[in-house]
2 protein chains.
Amino acid sequence: MTKPVTRTRIQRKNIALISEAALSVFSTYGFRGSTVDQIAREANLSKPNLLYYFPSKEAIHGHLLSTLMETWLAPLQDMKDDGEPLEEILTYMRRKLQMSRDHPRESRLFANEIVQGAPRIIEMLETELKDLVDEKAKVIEGWMDDGRLAKSDPYHLIFSIWSLTQHYADFDVQVRAVLGPENDDPFPAAERYLTTLFTRLLAP
Amino acid sequence: MTKPVTRTRIQRKNIALISEAALSVFSTYGFRGSTVDQIAREANLSKPNLLYYFPSKEAIHGHLLSTLMETWLAPLQDMKDDGEPLEEILTYMRRKLQMSRDHPRESRLFANEIVQGAPRIIEMLETELKDLVDEKAKVIEGWMDDGRLAKSDPYHLIFSIWSLTQHYADFDVQVRAVLGPENDDPFPAAERYLTTLFTRLLAP
DNA sequence: GTCTATAAAATGATAGAC
DNA sequence: GTCTATCATTTTATAGAC
C-alpha cells in the first residue's frame with residue numbers, strides 16, 4: 001500500500017517535528033481554521049521548508065489522520081471475546097479515558113473533523129470503523145444473550161463509551177471552567193463515576 | 001445592557017436571514033473556517049449588504065452565541081427541586097436529547113467553539129454556567145443525601161448528560177456511518193438506551 | 001438599503017539562489 | 001535542505017454611486 005521509503009535522520013526528525021506541530025495547530029483550529037504559517041512557526045521551520053516535506057496543507061492533515069487512526073481504534077480491537085464481560089467493558093472504557101487524558105490533541109483532531117462533517121474520513125468511518133463496531137457489537141450481544149451482562153443496546157453502549165470518555169478531552173475547557181480552579185485534575189473522579197455508571201448499567 | 005433598538009421590518013427580516021445563514025456556516029466550519037462570503041451566499045445577500053447589518057464577521061458570531069446561550073441553558077434551569085428526582089433527571093436528559101435532534105446546528109456551534117478552546121465564551125462558562133451547575137449539583141446532592149437517588153458524583157452526572165445527548169448532534173455523521181443507511185433515525189433507540197442507563201444508575 | 005469596485009491584508013504555494 | 005522573494009488567490013472590510 002504505502003510505498004516503502006528510506007529516510008535520512010534529518011528527514012525523520014523534521015517530519016516528526018512537523019507532525020507534532022500540525023497536531024497542535026489542527027486540533028485547536030480545525031483544518032480550515034489552521035494555516036501553514038502557524039504550523040511552520042510552531043515547528044520552528046520556514047514555510048517553504050515545511051512544504052519541502054509535505055506537498056500541501058491537505059497532505060499534512062491527511063498524514064496525521066491516517067497515522068493516528070490505528071492508535072485510535074486499538075482499544076476497541078483489544079476487547080476480547082474470552083474475557084470476563086464486565087471487566088472487558090470497563091477496561092475498554094478506562095483505556096479510552098486514559099487516551100483523553102494523555103492524548104487530548106488527538107481526540108480534538110478527530111472531534112474537529114467529525115463535528116465539521118468528517119469530509120476527509122467519512123469513507124473510513126463507513127468501512128473500517130463500522131466493520132469493527134459491528135464485530136464488537138456482536139460480541140457484546142452474545143454476552144448479554146448468555147446472561148453475563150444486563151441487556152441494553154450494544155451500539156449505543158459503544159457510542160456512550162466514546163462520548164463519555166472523549167468529553168473529558170474535547171470539552172476539557174468547559175469541564176475545568178465548571179469545576180473551578182480548585183479542582184485541577186478531573187480524571188480521577190471521572191474514572192470513579194464512569195466505573196459506577198457502567199457497573200450499574202451492565203452488572204447482570 | 002443591550003441598547004434598546006427599534007427595527008424596521010426589513011431590518012428584522014435581514015438580521016434573521018443572516019443569523020440563520022451564519023448558524024449553518026459557523027456550525028459546519030467553525031469561526032476561523034467560515035467566510036463572510038459563504039454566509040452572504042447562504043443568506044442570498046451581497047457581502048457589503050451583509051456587512052451593513054453587522055460590522056464584522058466576529059460580530060455575527062458573537063450575536064449568535066449570546067442569542068443561543070439562554071435557549072441552551074433553559075432545560076437545566078427548569079430542573080426543579082420539588083419534583084420526583086429520577087423523573088426530573090430523565091426529563092432533563094430527554095429535553096437535551098430533543099435539542100440534539102431538533103437543533104443540531106446550535107449544538108455543533110457550541111461544540112466547535114468549546115473544542116477550539118472556547119476563546120469567545122470562556123468567561124461565560126466560568127460565571128453563568130458554573131453558577132448554574134453549582135446550584136443544580138447541590139439540588140441533586142440533596143436528593144442523594146435523602147436517599148431518593150442512588151449516590152454518585154453530581155457534577156460528573158451533569159457532564160454525562162451533556163456528553164451523551166450532545167454526541168447525537170455533534171458526532172451525527174459518525175453515528176450514522178456506524179449504524180449504516182438502514183437505520184435512518186438513531187434517536188428513538190438512543191432515548192430508550194439513555195433512559196435505561198440513567199434509571200439503572202440512579203434508581204435508589 | 002443595496003450594489004459595484006476596490007483597498008489591504010492573509011494565505012497557500014512556487015522559483016530559484018545558496 | 002534551507003532560505004529569501006514573490007506570485008496568485010482568498011478574504012475581510014470599506015468607498016461611494018444609486
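To find a chain, count down the sequence lines: A is the first, B the second, and so on, and within it residues start at 1.
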Any [X] side-chain N or O less than 4.0 Å from OP1/OP2 of [N]:
X	N	answer
B/N49	C/dG1	no
A/N14	D/dT2	yes
B/Y52	C/dG1	yes
A/S46	D/dC3	yes
A/T8	D/dG1	yes

Whole-Å distance between [N] [atom2] and [X] [atom1]?
X	N	atom1	atom2	answer
B/N44	C/dG1	CG	C1'	16 Å
A/K57	D/dT10	NZ	C1'	11 Å
A/F54	D/dT2	CZ	P	14 Å
A/K47	C/dA15	NZ	P	15 Å
A/L51	D/dT4	CG	P	15 Å
B/D37	D/dT9	CG	P	16 Å
B/I39	D/dA13	CD1	P	10 Å

[X] has a side chain; which of [options] sits nearest to it?
X	options	value
B/P48	C/dC3, C/dT2, D/dC3	C/dC3
A/Y53	D/dA13, C/dG12, D/dG1	D/dG1
B/T35	D/dT11, D/dT14, D/dG1	D/dT11

Going by the salt bridge (Lys or Arg N to Asp or Glu O under 4.0 Å) test, name the single residue among A/R95, A/K136, A/R94 that passes it with A/D78.
A/R95
Could you label the plane-to-plane angle of the A/F31 and A/F26 rings as parallel, tilted or perpendicular, counting under 30° as parallel and over 60° as perpendicular?
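Correct class here is parallel.
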Quick one: label A/I10 by what it contacts on the DNA or RNA (base, sugar-phosphate, nothing), any heavy atom closer than 4.0 Å.
sugar-phosphate
Under 3.5 Å, is there a donor-acceptor pair linking the side chains of B/Y53 and B/N14?
yes
When the aromatic ring centroids of A/F110 and A/H103 are compared, is their separation below 6.0 Å?
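No, too far apart.
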Spatial distance of atom CG (A/L23) from atom CG (A/L64) [nearest 0.5 Å]
6.0 Å
